[in-house]
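As C-alpha cells, the structure follows; a few thoughts come after it.
Naming: A, B, ... by sequence-line order, numbering from 1 per chain.
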2 protein chains.
Amino acid sequence: MPARKQPKALPAMAEADIAIVRIAPETSFKNKAYEALKEAILKMDIYATPEQVMLDERALSERLGVSRTPIREAIAMLEQDGFVKTVPRRGIVVVRRTKTEIVDMIRAWAALESMAARLITTTARKKDITALRDFFKDFNQDRLPQDHIEEYSKANIAFHQALISLSESPVLVDMTNDILLHVRGYRQLTIGRKDRTATSLPEHMGIIEALEARDTELAEKRARDHTLGLAAYVEAHGQELFT
Amino acid sequence: MPARKQPKALPAMAEADIAIVRIAPETSFKNKAYEALKEAILKMDIYATPEQVMLDERALSERLGVSRTPIREAIAMLEQDGFVKTVPRRGIVVVRRTKTEIVDMIRAWAALESMAARLITTTARKKDITALRDFFKDFNQDRLPQDHIEEYSKANIAFHQALISLSESPVLVDMTNDILLHVRGYRQLTIGRKDRTATSLPEHMGIIEALEARDTELAEKRARDHTLGLAAYVEAHGQELFT
DNA sequence: GCAAGATTTTTGGCATACCAAATGCCAGAT
DNA sequence: ATCTGGCATTTGGTATGCCAAAAATCTTGC
C-alpha cells in the first residue's frame with residue numbers, strides 16, 4: 001500500500017521560535033488515574049494491614065469522578081507494573097511481596113547499581129561525583145545518622161538515585177526506580193534500622209572514593225556489596241515484617 | 001472490620017479424586033489481545049521498514065474480532081512495556097529503539113546476568129551447571145558456530161536464558177526476559193554476526209567453568225564481560241542497523 | 001493557479017449499558 | 001439446628017456510541 005502522504009512543511013513563521021515547546025500534553029484521565037492510584041498504593045502501608053487490600057472499579061470511578069473505562073486502563077497498567085493483580089469475577093487485589101521477593105529485588109538493585117558505578121568511573125565528571133557527598137553533609141561525628149533515622153533514610157534514597165543517574169543510563173535509572181518503588185514499603189523499616197545505619201554511611205563514602213579514584217573494579221564491588229548487604233540484612237532480620 | 005468468613009473445609013468425598021484439575025481460567029480478550037499484539041510486534045522486523053509503524057484501534061478490533069475496549073486495555077499494557085506509544089489524536093506508534101538505547105539495555109542485561117552468575121556459584125547444583133554445555137553440544141571443531149549462525153543464535157539465547165534461570169531469582173529472570181524481548185529485533189543481526197560468533201563460544205565455556213569451580217568473582221566477571229562485549233560490539237558496529 | 005479558509009474524515013478518549021460468573025444470603029426441607 | 005437450592009447482589013469483561021481535536025480534503029476568492 002502507498003505510504004500515507006506526509007504533512008507539508010510548515011510556512012515560514014520566522015518570528016516565534018520562543019518558548020513554544022509543545023503546549024501541555026493535557027494528560028488524559030487514564031494517566032491521571034494511573035498516577036493517583038499508584039501514589040495511593042505506595043502511600044498506604046500495605047504490610048501494616050492484616051487482610052489483603054482490594055480495589056473496586058466502580059468505587060474508584062466515583063471517587064475520581066470519571067467513568068470506569070479510564071480506571072480500568074489504569075488498572076491494566078498497574079498490573080503490568082506488578083502493583084495489583086485482578087482476578088476475574090473476584091476483584092482487584094493490591095499485591096503483597098513476600099520477604100523472599102523483596103530480597104530478590106534488592107539483589108537485582110545491587111546488580112544494576114554496581115553496573116552504574118562501573119559506568120560512572122569512566123564517564124562522569126569529578127565534580128558530579130564529589131557532589132554526592134552533599135547528601136550526607138548534615139551528618140557527622142556530632143550528628144550521627146542513627147539519631148536522625150528518618151532524615152538519614154531520605155538522604156540515603158536520594159543518594160542512591162543520584163548515583164544511578166550519574167551513569168547517564170536511562171535504562172538503569174528506570175529499572176532501579178521501579179525496584180525502589182516496590183521496596184519502598186520496607187525501606188523505612190529496614191534501611192532506617194539503627195544497626196545498619198551505623199555501617200551505611202562509611203560504605204557510601206567508600207563508594208564515592210572509589211568513583212573519584214576511577215577505580216572501576218573497586219567501585220563496582222563496593223556498590224554491589226553495599227546493597228547486597230542490605231539484601232542479606234533483610235533476609236536475616238526481616239521476619240517480623242512479614243508475619 | 002471483621003475478616004471475611006473463610007470457606008469451610010470440603011466434605012469427605014473420598015471417591016472422586018479423579019482428574020478434577022481446576023478448569024481452564026479462560027483468559028480474557030484483553031489478555032489474548034495483549035499476547036497477540038505483542039507477538040505481532042515482535043515478529044515484524046520493526047527496523048526493516050523505513051516509515052514508522054502505526055496501529056489503529058478500530059482496525060485491530062475488527063481484525064481480532066473483539067471490540068475496542070479490550071484492545072485499548074491491551075495497548076495500555078504494551079505501552080507500559082515500552083513497545084508502543086500512543087499519541088492522543090494522532091495514533092499508536094510502535095516504538096523504535098535507537099542504537100544508544102539498545103546498547104544501554106544490553107549493559108543492564110550484563111549487570112543482571114553477572115549477578116545471576118554470582119548467585120549460581122553459591123546455590124546451583126553442579127549437575128545443572130554442567131547441563132549448560134548441552135546447548136552447544138552440536139558445535140565443535142568440525143562444525144563451527146559461524147557456519148551455522150541461525151542455529152547457533154538460537155542456542156545462544158537458550159543458553160543465556162537457562163543460565164539466568166539457574167539463579168532461581170524470578171526478578172532477574174523476568175527483567176532479563178523483558179530486555180531480551182526488546183533487543184531481540186537486533187539479535188539476529190548482531191549476536192549472529194560471524195566475527196563475534198567466533199569468540200562467543202569459548203567465552204560461554206569460560207563462564208561455565210567458573211561456575212563449576214564455584215569461583216564467584218570470576219564467574220561474575222566473565223558473565224559481565226561477555227555481555228558487555230556484545231554491548232561494545234553493537235556500539236561499534238551497529239551503525240548500519242539504525243540508518 | 002494558488003493560498004487561505006471551511007468542511008469532512010480520522011482517531012483516540014470517555015461514558016454507559018449489559019453480560020456472566022462468583023458470592024452470599026435466606027427460605028424451605030429434613 | 002442444619003443443610004440445600006435458588007435468587008439477588010457484586011464485580012470484572014465487553015460492546016457501543018458519542019465527543020473533540022487534529023489531519024486530510026475540498027472550496028472559494030483573488
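- In this structure, E57(A) atom CD and dT9(D) atom C1' are separated by 16 Å, rounded to whole Å.
- Within 4.0 Å (heavy atoms only), I71(A) reaches no atom of the nucleic acid at all.
- In this structure, a donor-acceptor pair under 3.5 Å is present between the side chains of N31(A) and S28(A).
- Picking from dT11(D), dG12(C), dA15(D) the nucleotide with the shortest atom distance to the side chain of I92(B) gives dG12(C).
- Here the side chain of R89(B) is nearest to one of dT11(C), dA17(C), dT16(D), namely dT11(C).
- Computed from coordinates, the E62(B) CD to dT11(C) P distance equals 12 Å when rounded to whole Å.
- The nearest whole Å value for the distance from the CZ atom in F29(A) to the C1' atom in dG12(C) is 14 Å.
- T227(B) places no side-chain N or O within donor-acceptor distance of the main-chain N or O of R224(B), the cut-off being under 3.5 Å.
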* To do: Quick one: do K38(A) and L42(A) satisfy side chain to side chain contact (heavy atoms under 4.5 Å, CB included)? Show the steps, please.
  => CA-CA 6 Å; K38(A) 188 169 170 180; L42(A) 292 177; 4.2 Å; yes

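- Among the atoms of the strands shown, only primed sugar atoms or phosphate atoms (P, OP1, OP2) are found under 4.0 Å from some heavy atom of T86(B).
- Atom CG of D56(B) is separated from atom C1' of dA24(D) by 15 Å (rounded to the nearest Å).
- Sequence order on DNA chain D of the closest nucleotides to T69(B) and R58(B) puts T69(B) first from the 5' end.
- With rounding to whole Å, R68(B) atom CZ is found 12 Å from dT16(D) atom P.
- Which of dA22(C), dA15(C), dG12(D) sits closest to the side chain of R90(A) comes down to dA22(C).
- Note: CG (L60(A)) to C1' (dG12(D)) measures 13 Å, nearest angstrom.
- If you take NZ of K30(B) and C1' of dA15(D), they are 16 Å apart, rounded to a whole angstrom.
- At distances below 3.5 Å, at least one donor-acceptor pair connects side-chain atoms of R96(A) with backbone N or O atoms of I46(A).
- Inspection of the D178(B) and H182(B) side chains reveals no N or O donor paired with an N or O acceptor under 3.5 Å.
- Remark: C1' of dA22(C) and CE of M54(A) are 12 Å apart, rounded to the nearest angstrom.
- L55(B) comes within contact range of the sugar-phosphate backbone alone, with a heavy-atom separation under 4.0 Å but no base atom that close.
- Comparing atom distances between the S28(B) side chain and each of dT14(D), dC14(C), dA21(D) picks out dT14(D) as nearest.
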